[in-house]
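A short worksheet on the structure shown next.
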Amino acid sequence: MAQRGSFKLLMDALAPSVVGMPMWASPDNVRVAVASMGGKARLLQAFSGSQSVLISTLKSLDAAMASKYSSSISTSNMTASDFMSQSLQSGLEALRVFAPNTTSACPSSEGCSLGWRPDSSKFIVMATNSDSDLPYMPANRMTGQSQGHPFKPFNVSSLAQVPAPALLEPAFLPSTWWYDTGIAGFQMYRNASAPPRLSSAWQAEVNATAQSLLSSRTHLVLFADIIAQPRGSPMSSWDYPNPYREFALASVRGTAALETDTLTTAAMQYGHPLYNVFVSSSDIDPLALDRSATLDSLRSNGLPLSLQSLMLAGNGQMEIVALDQLQTLVGDRRNDKGIFSFVVTSAH
């Protein structure tokens, strides 16, 4: 879970809407484990049927994150080593590490084996406000994925001069190493209006993650904040504040100067909640996804190779819900079960 502000929402969402109502009223044999990512992926709680154990684990995680962020240095001053140890958000790696029948290397000395029940329906619920960074474990990186784009601007003239540990962000094309006066440093920017794509090595990680989830028949529900990239980070969108687009097209007249899209690396990796098409919400299943319409929507909006597209094309199940929609789901009193029952019933 990458965004500290999402922990409270998740705790509220996992709790019942009516006091005394079991969190997982249907079915009644659900078991939940908790893992985190941020630096390296960690197993925080083994599978348990206890709601109190789950809420206690999430509260402990929220408190730990609050303490870390209150005392840590700012991102603008963070060294590459600081970023890797504290803020690396390798969501795709975490999905493979904790998937059933995983063959991925475990980043934690405490172990990563969840002990999935062989005949159970398998769900992973993940929350993130980031794209997926370079895998923490070298053994979990794809061939050629030894580096990506720098996570912050550097005052060097060549990309080769950037410290290797800082090259953690997803690599995308078309892009260029360019000096931005707005941040007084060099950074990677998309430099053409052509549809963006991940580099082959980074796309291979998306493909491998989809295959891992599909082969284990794992249903993924992703709560994500797929937002425009802030100035100072690698920018794959062709929109403000991409300085290359703003400055390079300043002299262009007509419709060419108005071309824009907001496709970020997070969307290229995961998909986008904006393009999810849901069946009319009901009291039973407000997360019911129209899989065929959603796949068509993702493909027509430039995301044919995102994780969700590959999952749906492979007859798998994956929904993406905007993080800010959690509050709406938490407050939905048409149900007396809470979000977890929504997730569990969404495959049925």
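Residue numbers run from 1 in the order of the sequence given.
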Between CG on residue L298 and OG on residue S300, distance to nearest 0.5 Å: 8.0 Å
Check: W202 and F172 side chains under 4.5 Å, non-hydrogen atoms: no
Intermediate values then yes/no, side-chain contact (heavy atoms from CB on, under 4.5 Å), S292 and D296: CA-CA 6 Å; S292 177; D296 289 342; 4.2 Å; yes
R42 side chain to K40 backbone, donor-acceptor under 3.5 Å: yes
S36 side, atom OG; Q89 side, atom CD - distance, nearest 0.5 Å: 11.0 Å
G148 to A171 - nearest heavy-atom pair and separation: CA-CB, 4.2 Å
Intermediate values then yes/no, side-chain contact (heavy atoms from CB on, under 4.5 Å), R245 and T260: CA-CA 9 Å; R245 176 185 180 274; T260 183; 4.0 Å; yes
Minimum-distance pair of heavy atoms, taken over all atoms of P234 and P150: CG-O, 3.0 Å
E169 and D131: CA distance, side-chain angles, deciding distance, side-chain contact (heavy atoms from CB on, under 4.5 Å) verdict: CA-CA 8 Å; E169 296 291 334; D131 54 25; 3.1 Å; yes
Between Q203 and N207: side-chain donor-acceptor atoms closer than 3.5 Å: yes
Gap between atom NZ of K122 and atom CG of D119 - 0.5 Å precision: 7.0 Å
Beyond-backbone contact of Y275 with P273, side-chain heavy atoms, under 4.5 angstrom: no
Main-chain N/O of D290 paired with T294 side-chain donor or acceptor, under 3.5 Å: yes
R217 atom CZ: more than 12 heavy-atom contacts under 6.0 Å: no
Pair F154 + F186: ring centers closer than 6.0 Å: no
Validation row: E93, S132 side chains within 4.5 angstrom (heavy atoms): no
Validation: residues 303-316 side-chain donor-acceptor distances under 3.5 Å, sequence neighbours left out:
residue: S306; atom: OG; partner: L303; partner atom: O; Å: 3.1
residue: S306; atom: OG; partner: S309; partner atom: N; Å: 3.3
residue: S306; atom: OG; partner: S309; partner atom: OG; Å: 3.1
residue: Q308; atom: OE1; partner: N276; partner atom: ND2; Å: 2.9
residue: Q308; atom: NE2; partner: N276; partner atom: OD1; Å: 2.9
residue: Q308; atom: NE2; partner: M318; partner atom: O; Å: 2.8
residue: S309; atom: OG; partner: L303; partner atom: O; Å: 2.6

Pair S130-T128, side-chain donor/acceptor within less than 3.5 Å: no
Taking distance alone, no hydrogens or angles, what donor-acceptor pairs closer than 3.5 Å link side-chain atoms of residues 94-105 to residues at least two apart or in another chain?
residue: R96; atom: NH1; partner: L92; partner atom: O; Å: 3.3
residue: R96; atom: NH1; partner: E205; partner atom: OE2; Å: 3.1
residue: R96; atom: NH1; partner: T209; partner atom: OG1; Å: 2.9
residue: R96; atom: NH2; partner: N140; partner atom: O; Å: 2.9
residue: R96; atom: NH2; partner: E205; partner atom: OE2; Å: 3.2
residue: T102; atom: OG1; partner: R96; partner atom: O; Å: 2.6
residue: T102; atom: OG1; partner: S104; partner atom: N; Å: 3.0

Polar contact flag, side-chain donor to acceptor under 3.5 angstrom, H219-E319: yes
Pairwise side-chain contact, Y270 with L222, heavy-atom cut-off 4.5 Å (strictly under): yes
Side chain N301, main chain S297, donor-acceptor under 3.5 Å: yes
Check: S48 main-chain N/O paired with R31 side-chain donor or acceptor under 3.5 Å: no
Beyond-backbone contact of L134 with L167, side-chain heavy atoms, under 4.5 angstrom: no
Straight-line distance of R231 CZ to M235 CE, nearest 0.5 Å: 7.0 Å
Close side-chain approach of L263 and S237, heavy atoms under 4.5 Å: no
Reported NE2-to-OG distance for the pair H149 and S175, which is rounded to 0.5 angstrom: 4.0 Å
Heavy-atom pair of closest approach, residues P107 and Y136: CB-CD2, 4.1 Å
Within one Ile-Leu-Val-Met-Phe-Trp-Tyr cluster: M142 and L173, side-chain cutoff 4.5 Å: no
ILVMFWY network linking V125 to V53, side-chain heavy atoms under 4.5 angstrom: no
Positive for side-chain hydrogen bond (donor to acceptor under 3.5 Å, both in side chains) with R190, one of N242, T176, D261, D239: D261
Nearest heavy-atom neighbours spanning Y189 and D180: OH-OD2, 2.8 Å
OG1-CG distance between T265 and L198, expressed to the nearest 0.5 angstrom: 7.5 Å
Same cluster (ILVMFWY, side-chain, under 4.5 Å), V221 and V277: no
Exercise: identify the closest heavy-atom pair between A267 and H272: CB-CD2, 4.1 Å
For the student: nearest non-hydrogen atoms of M137 and C106, plus distance: CE-O, 3.7 Å
Donor-acceptor under 3.5 Å (Q45 side chain, V32 main chain): yes
Validation row: T264, I226 side chains within 4.5 angstrom (heavy atoms): yes
